[in-house]
Amino acid sequence: MTLEVKNLTVAYGDREILNDISFKLTDGQIIGLVAPNGTGKTTLFNAIMRFIPVKSGQIFVDDKEYTSKDKDVLKLHQLITFFPDQSDLHENFTGTEHIEMYAEMWSGKKDQVRNIIDRLEMNDYVDRKVSTYSLGMRQRLCFAMVIASDTPIMFMDEVMNSLDPENVSLVSDILIELRGQGKIIIVASHLLDNLDEYANKVFFLKEKHIHFIFDHEDEKKDYFKLLCTQEQAELLKETVSLPDKTMYLGNNVLCIPLDQLSEAEQLAIYKQLRHLKNVEITVGSLGTSEYYSYLYGLKIHSFDRGHQDDVSLAK
């Protein structure tokens, strides 16, 4: 199966939210979708689902176009499940009743409901009314409902919200299992490091476009990653010649690509790095959180590396 979005543009009056979005996904893929709040992630989901009108663009599943006509929208919603909002839950229904409802509305596989409950470790509360649930319980229920739908395409908007670390790990494992079943899954999330555990690619929305795609199948490049102040980074630049693609992330990490440097050049830079006071140095590839910091200028407001006299290099 394929999901293709072609030249999608969404606007509210004169205010354009998304401009000329295009991508094509094949089955057995998980795509991470990241951007700061209010920059179009949920709008993209709603536009593909035809919940909102689009200014221009086309939606295809298996090369068949799905327009805004009622019959197309109905069929599209049989192919795609959108992660429900907790406010959509019925307080007087049990969790089991919600999961059974989704199974019956989409897949008809009510016999799988108990397996889903077991896999998500919900047995101790699933037969109680939702009104008694914590936020984390409600979130697991919403995830269970999507699994029960068993649609080939699934949209997960902030699926990890309100989950503790153990359940973040559990849901991540199940997402990987769903990918193994051939699902196409798009996950919008602010848990950036977690996305690296299961996403094949991460789409970064910026300035109304898919500005950058982080493909986990691409060969990873190593960097010197230096935790330092901006003043220390500037001083280092004055002392040694750094590659063109050196990046300063937010206000605390200098990333120096090693693939453009000879071993002798790497050693020369490392010797200078070791003379910096009160810094931390690691070597490794960049992840989603680091690309996010670079693309959106994320600031670490609690970051403080000490006194001004720490901004120095040994001569």
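Here, residue 1 is the first one in the sequence, and each next residue gets the next number. Keep in mind that what you see is a predicted model, and the values were worked out from it rather than measured.
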Which atom pairs, one a donor and one an acceptor, fall under 3.5 Å between side chains of residues 204-214 and the rest of the protein, sequence neighbours left out?
residue	atom	partner	partner atom	Å
K206	NZ	L295	O	2.6
H209	ND1	N19	O	3.1

Original post:
When M122 is tested against each of I117, I116, D127 for side chain to side chain contact (heavy atoms under 4.5 Å, CB included), which residue passes?
Top reply: I117

Original post:
Quick one: does E16's side chain have a donor or acceptor within less than 3.5 Å of a partner on V10's backbone?
Top reply: no

Subject >> Set of residues satisfying salt bridge (Lys or Arg N to Asp or Glu O under 4.0 Å) with respect to K55, sequence neighbours excluded >> reply: none

**OP:** Establish, yes or no, whether a centroid distance under 6.0 Å links the rings of Y125 and Y133.
**Re:** yes

**OP:** Please name the residue in the list D150, D27, I30, T81 that meets the side chain to side chain contact (heavy atoms under 4.5 Å, CB included) test with K183.
**Re:** D150

Without placing hydrogens or testing angles, list every side-chain donor-acceptor pair under 3.5 Å for residues 164-180, not counting sequence neighbours.
residue	atom	partner	partner atom	Å
D164	OD1	E166	N	3.3
D164	OD1	N167	N	2.8
D164	OD1	N167	ND2	3.0
S172	OG	V168	O	2.7
S172	OG	N194	ND2	2.9
E177	OE1	R119	NE	3.4
E177	OE2	R119	NE	3.2
E177	OE2	R119	NH2	2.5
R179	NH1	Y198	O	2.5
R179	NH1	N200	OD1	3.4

Subject >> Centroid-centroid distance, F83 to F155, less than 6.0 Å >> reply: no

Subject >> Whether S107 side chain and A103 backbone form a donor-acceptor pair below 3.5 Å >> reply: yes

Original post:
Hey, what do you get for CD (E290) to CG (D193), rounding to the nearest 0.5 Å?
Top reply: 8.0 Å

**OP:** State, with a plain yes or no, whether a side-chain heavy atom of L79 is found less than 4.5 Å away from one of T151.
**Re:** no

Subject >> Side chains of I21 and T9 in contact at under 4.5 Å (non-hydrogen atoms) >> reply: no

Original post:
Side chain of D62, backbone of K64: donor and acceptor closer than 3.5 Å?
Top reply: no

